[in-house]
*Asks:* 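Quick one: structure below, then a few questions.
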Amino acid sequence: MWLQIAGFTALPHLGGLYGGYLTRKEVDTWYPTLKKPSWRPPNKAFPVVWTCLYTGMGYGSYLVWKELGGFTDDALVPLGLYGTQLALNWAWTPIFFGAHKLKWSLVEIVLLTGTVGATMMSWYPISRTATMLLAPYLGWLCLATSLNYCIWRDNPEEKEE
């Protein structure tokens, strides 16, 4: 049991570690050149927040997996949505910080936020605790989506010819 808990809880952190590796240079070079709203969280808050969010979503996925008896037919939709949102989560950083594509990162994070909402809806009848563990994540994504929108709006991308 403890091995499964640790595995499910650790899984989301893998993408977070990769994202941290990608953003390390960009946070000191490219990101400071962008116009950002005054209400944005300080850079030092992001690793702390994401550590908490990844831990909560990972443990929540374990609760759903356990309640449904593993990777069963009943788990296909709730864990499939979870996997989809996790892939979208991991994809945002390379789009925003790696490729510097502000518009596409905005489209991506809107899809991510919707997928997290769908994941929560699919989890609610299975485990209310797991659903509530995703609530701070959904709240943070709403803030991050607003931030992404403001950065896109205030930093027009050069047109490619």
*Asks:* Would you please indicate yes or no on a ring centroid separation below 6.0 angstrom for Tyr59 and Phe8?
*Replies:*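 Between Tyr59 and Phe8, which both carry aromatic rings, the centre distance is not below 6.0 Å.
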*Asks:* Heavy-atom count check: over 12 atoms from other residues, nucleotides or ligands less than 6.0 Å from Trp104 CH2?
*Replies:* no
*Asks:* Is there a donor-acceptor pair closer than 3.5 Å between any side-chain N or O of Glu67 and the backbone N or O of Val64?
*Replies:*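 Here the side-chain-to-backbone pair does not exist.
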*Asks:* How close do Thr55 and Thr51 get, counting heavy atoms only, and between which atoms?
*Replies:* OG1-O, 2.8 Å
*Asks:* Test of understanding: clusters of I, L, V, M, F, W, Y form through side-chain heavy atoms closer than 4.5 Å, transitively. Do Trp152 and Val27 belong to the same one?
*Replies:*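 Same hydrophobic cluster.
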*Asks:* Checking Lys36 side chain against Tyr31 main chain: does a donor-acceptor pair fall under 3.5 Å?
*Replies:*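 A pair under 3.5 Å: yes.
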*Asks:* Identify the two heavy atoms, one from Pro37 and one from Ile151, that lie closest to each other, and give their separation to 0.1 Å.
*Replies:* CD-CG1, 4.4 Å
*Asks:* Mind checking whether Ile95 and Val107 have side chains closer than 4.5 Å, heavy atoms only?
*Replies:* no
*Asks:* Are Val110 and Leu138 connected in the hydrophobic side-chain network, where two residues link if heavy atoms are under 4.5 Å apart?
*Replies:* yes
*Asks:* Can you see which heavy atom on Thr29 is nearest to which on Thr33, and at what distance?
*Replies:* O-CG2, 3.5 Å
*Asks:* Please answer: with hydrophobic residues joined when any side-chain heavy atoms are less than 4.5 Å apart, are Leu34 and Phe46 in the same cluster?
*Replies:* yes
*Asks:* Considering all heavy atoms of both residues, which atom of Thr131 and which atom of Trp123 are nearest to each other, and what is their separation?
*Replies:* OG1-C, 3.3 Å
*Asks:* Check ring-ring contact (aromatic ring centres under 6.0 Å, His included) between Trp30 and all other residues, then give those that pass, not counting sequence neighbours.
*Replies:* Phe96, His100
*Asks:* Please identify each residue that fulfils ring-ring contact (aromatic ring centres under 6.0 Å, His included) with Tyr54, with sequence neighbours left out.
*Replies:* His13, Trp50
*Asks:* Does Glu157 use its side chain to pair, donor to acceptor, with the backbone of Lys103 at less than 3.5 Å?
*Replies:* yes
*Asks:* Please determine, by modelled atom types, if Arg153 and Tyr149 share a side-chain donor-acceptor pair under 3.5 angstrom.
*Replies:* no
*Asks:* I'd like to check the side chain to side chain contact (heavy atoms under 4.5 Å, CB included) partners of Pro94; sequence neighbours left out, ordered by chain and number.
*Replies:*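 In terms of side chain to side chain contact (heavy atoms under 4.5 Å, CB included), with neighbours along the sequence ignored, Pro94 is linked to Tyr18, Leu22.
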*Asks:* Does Ser122 use its side chain to pair, donor to acceptor, with the backbone of Thr119 at less than 3.5 Å?
*Replies:* yes
*Asks:* Please tabulate, for the side chains in residues 139-148, all donor-acceptor contacts under 3.5 angstrom to protein atoms that are two or more places apart in sequence or on a different chain.
*Replies:*
unit_1: Thr145; atom_1: OG1; unit_2: Thr113; atom_2: OG1; d: 3.3
unit_1: Thr145; atom_1: OG1; unit_2: Leu141; atom_2: O; d: 2.7
unit_1: Ser146; atom_1: OG; unit_2: Cys142; atom_2: O; d: 3.0
unit_1: Asn148; atom_1: OD1; unit_2: Trp92; atom_2: NE1; d: 2.9
unit_1: Asn148; atom_1: OD1; unit_2: Ser105; atom_2: OG; d: 3.2
unit_1: Asn148; atom_1: ND2; unit_2: Leu102; atom_2: O; d: 3.4
unit_1: Asn148; atom_1: ND2; unit_2: Ser105; atom_2: OG; d: 3.3

*Asks:* Just list the side-chain donor-acceptor pairs under 3.5 Å for residues 73-87, sequence neighbours left out, or say none.
*Replies:*
unit_1: Thr84; atom_1: OG1; unit_2: Gly80; atom_2: O; d: 2.8
unit_1: Gln85; atom_1: OE1; unit_2: Tyr137; atom_2: OH; d: 2.6
unit_1: Gln85; atom_1: NE2; unit_2: Tyr82; atom_2: O; d: 3.3

*Asks:* Checking Lys35 now: which residues fulfil side chain to side chain contact (heavy atoms under 4.5 Å, CB included) with it, not counting sequence neighbours?
*Replies:* Asp154, Asn155
*Asks:* If you define the side chain from C-beta out and look only at heavy atoms, does anything of Leu133 sit under 4.5 Å from Met57?
*Replies:*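 Side chain of Leu133 against side chain of Met57, heavy atoms only: no contact under 4.5 Å found.
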*Asks:* Give me the atom names and distance for the closest heavy-atom approach of Pro32 to Glu26.
*Replies:* CD-O, 3.8 Å
*Asks:* A quick test of your reading: do over 12 heavy atoms of other residues, nucleotides or ligands sit less than 6.0 Å from NZ of Lys25?
*Replies:* no
*Asks:* If every non-hydrogen atom of Trp39 is compared with every non-hydrogen atom of Cys150, which pair is closest and at what distance?
*Replies:*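 Looking at all heavy atoms of both residues, the shortest contact is CZ2-SG, 3.8 Å.
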*Asks:* Between Trp65 and Met1, is there a shared hydrophobic cluster once you connect ILVMFWY residues whose side-chain heavy atoms come closer than 4.5 Å?
*Replies:*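 Yes, Trp65 connects to Met1 through the hydrophobic network.
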*Asks:* Going only through I, L, V, M, F, W and Y residues with side-chain contacts under 4.5 Å, is there a path from Tyr124 to Met120?
*Replies:*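 No.
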*Asks:* Using a 6.0 Å cut-off, check whether atom CZ of Arg128 has over 12 heavy atoms from anything other than its own residue.
*Replies:*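 Incorrect, the count does not exceed 12.
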*Asks:* Do the side chain of Ser127 and the main chain of Ala130 share a donor and acceptor less than 3.5 angstrom apart?
*Replies:*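 Between the backbone of Ala130 and the side chain of Ser127 there is a qualifying donor-acceptor contact (under 3.5 Å).
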*Asks:* With a 4.5 Å heavy-atom cut-off, do Arg24 and Phe97 have their side chains touching?
*Replies:* no
